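What follows is one structure encoded as structure tokens, with my remarks underneath.
No experiment lies behind these values; they were computed from the predicted model shown. We use all heavy atoms of the structure for the numbers below, so side chains are in, but hydrogens, waters and symmetry mates are not.
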Amino acid sequence: MLVSVLVSVLVAAGTATGAVLATVGGKPVAAGGVAHGVPRTSPAPSKITGPVVPMLGGSADGIGKPIPVPVAHASAAASTTSRLAKSAPVAPLRGLKQADLLVVAPFSLSSRVRAAVARQPGVTGTEPIEAAKIKINGAFTAVLGVDPSSFRGYAAPSTAASSKLWQGVASGGVAVSYTMGTLDKLSLGRMVTVSGRHEQRLPVVAFGTVGIGGVDAVVSDSVARSLGMPARNAIVVSAPPDQVASLATKIKAVLPRGASVEPLLTEVTRPGGPSPVGTLPGTAAVGGGMTAAQLTTALKAAESRRGLPYVWGAVGPSSFDCSGLVQWSFAQAGISMPRVAADQARTGPVVPVGQLRPGDLLFYHTDPTAPGYISHVAIYLGNGWMIQAPQPGMDVEVVPASFDSQFAGAIRVYPRLAASLASGLA
């Protein structure tokens with residue numbers, strides 16, 4: 001999984017159990033029922049220092065047309081730091097490419113390695129970047145350093161289309177995911193502390209999902225290097241979906257020791273692409289589902305966390321975000337889960353609403369800047385109930401399961417598949 005890979009490229013600055021409400025065979029509420037408890041889809045209230053491009057609508061227009069993303073006014077951001085005083089040109093968007101594989105190493109990849117990757121049969125595009133986990137306002141965050149002009153085509157459609165977002169990045173700011181901006185209560189135009197080997201104060205120039213699961217911030221390659229991230233230590237690779245697995249094996253053979261190649265299973269789905277929920281075509285959901293003992297343990301663990309606070313990026317045991325609650329609860333049953341919701345959505349086969357069982361995972365689209373992206377997860381308890389860590393200011397709660405317009409689908413966890421995704425082997 002991408003997040004675990006980036007941990008190896010880390011740039012660092014210095015149970016009680018509750019009663020189980022789940023009932024095996026319990027029937028969920030009817031699809032289209034009243035929604036409760038799904039996080040809101042507008043940024044948390046905060047003071048904005050400067051004009052902001054407003055949201056126009058809350059979703060795509062149904063045919064994949066990008067929608068505007070929230071962007072801080074360039075002049076307001078530019079006044080915060082001398083770096084932004086000099087405007088950097090950004091090329092217009094020239095088409096979209098799918099981010100299918102990530103090559104990453106804890107050191108810079110040479111031009112020879114980059115060329116060898118690009119020459120592999122089936123590769124339709126490559127983009128050198130910086131990739132590492134560094135701290136933003138004290139919390140470790142997966143950050144990419146990019147050339148805004150060339151990388152933008154690999155981003156989610158709405159984000160790719162926002163020239164103001166990429167202009168802000170090119171000028172020295174940081175663009176964060178809509179989910180991080182909302183749930184960590186960041187303000188457009190305000191400064192955040194970004195700590196790699198070196199610490200800097202950077203303005204938040206936009207909220208926009210990159211489209212790669214687990215990645216929550218983007219800076220320019222020059223800013224990334226000034227933070228201490230290894231120059232060009234990663235490569236984003238685009239390839240036909242049916243060739244990704246075989247291509248990963250071929251690329252691995254040309255990489256130096258210490259470098260790895262991982263599939264990016266969590267990208268925003270392009271029009272006509274596979275669903276973001278459920279195992280990918282050609283991916284075997286090996287090993288079958290959870291045992292009754294595993295289900296009981298995981299559900300008891302989740303329900304024992306009721307009343308504990310939501311904290312962005314928290315994985316327990318005393319605070320959680322949505323996917324952190326899933327990861328921690330299933331770990332108590334000996335099941336290794338990926339860290340982020342979009343990866344967790346690939347840990348088993350799709351389950352129709354009418355066939356839901358306790359322990360199944362429910363997924364939601366809550367990011368209006370990328371309607372195809374999985375950004376929230378809950379655990380189904382049976383009898384029409386689910387448990388979730390909803391959003392800042394709220395606690396882990398049991399609420400009626402929601403199947404409204406934000407519902408993206410449900411899966412049944414297959415432990416062996418989950419473990420392989422968590423370790424980056426699938």
Side-chain angles (χ1 to χ4, degrees), residues 41-44 46-61 64-97 99 127 129 136 141 143-182 184-192 194 200-212 215-224 268 367-373:
T41 59
S42 58
S46 56
K47 294 181 179 179
I48 305 297
T49 59
V52 174
V53 177
M55 294 296 297
L56 301 179
S59 63
D61 61 4
K65 183 179 179 181
I67 59 175
V69 298
V71 181
H73 193 278
S75 61
S79 65
T80 60
T81 176
S82 60
R83 183 191 295 110
L84 300 189
K86 183 178 179 181
S87 178
V90 175
L93 178 63
R94 296 188 176 95
L96 296 173
K97 293 183 178 180
E127 179 68 15
I129 62 172
I136 296 182
T141 305
V143 179
L144 300 185
V146 306
D147 177 341
S149 293
S150 54
F151 177 79
R152 65 187 297 183
Y154 289 87
S158 296
T159 304
S162 176
S163 293
K164 290 184 178 180
L165 180 150
W166 297 108
Q167 183 65 66
V169 171
S171 297
V174 56
V176 303
S177 70
Y178 186 89
T179 304
M180 179 180 181
T182 300
D184 210 23
K185 297 184 178 180
L186 302 182
S187 298
L188 290 172
R190 289 288 183 87
M191 307 295 284
V192 292
V194 184
Q200 296 186 32
R201 294 277 289 170
L202 302 177
V204 177
V205 295
F207 294 158
T209 296
V210 175
I212 298 175
V215 172
D216 280 301
V218 178
V219 297
S220 70
D221 44 16
S222 60
V223 169
V268 173
D367 182 349
T369 69
Y373 186 66

Close side-chain approach of S163 and V90, heavy atoms under 4.5 Å:
no
If every non-hydrogen atom of R94 is compared with every non-hydrogen atom of A91, which pair is closest and at what distance?
NH1-CB, 3.6 Å
Distance-minimising heavy-atom pair for L202 and G172:
CD2-O, 3.5 Å
Write down the atom of P203, the atom of G189, and the distance for their closest heavy-atom approach.
CB-O, 4.4 Å
From OG (S149) to CG (L93), nearest 0.5 Å:
11.0 Å
Stepwise side-chain contact (heavy atoms from CB on, under 4.5 Å) check, E127 with D147:
CA-CA 9 Å; E127 179 68 15; D147 177 341; 4.2 Å; yes
Heavy-atom pair with the smallest gap, counting every atom of A224 and G145
CB-CA, 3.7 Å
Between P148 and V169, what is the shortest heavy-atom contact and its length?
CG-CG1, 3.9 Å
Once you round to the nearest 0.5 Å, how far does CZ of F207 lie from OG of S187?
6.5 Å
So D221 and F151, side-chain contact (heavy atoms from CB on, under 4.5 Å) or not? Walk me through it.
CA-CA 11 Å; D221 44 16; F151 177 79; over 6 Å; no
Would you say that V176 contacts D216 through its side chain, given a criterion of any heavy-atom pair below 4.5 Å between the two side chains?
no
Do R152 side-chain atoms and L165 backbone N/O form a donor-acceptor pair below 3.5 Å?
no
Have a look at V143 and tell me which of I136, V218, V223 forms a side chain to side chain contact (heavy atoms under 4.5 Å, CB included) with it.
I136
Of all heavy-atom pairs linking A170 and S220, the shortest is CA-CB, 4.5 Å
Student check: side-chain heavy atoms of Y154 and V146 closer than 4.5 Å:
no
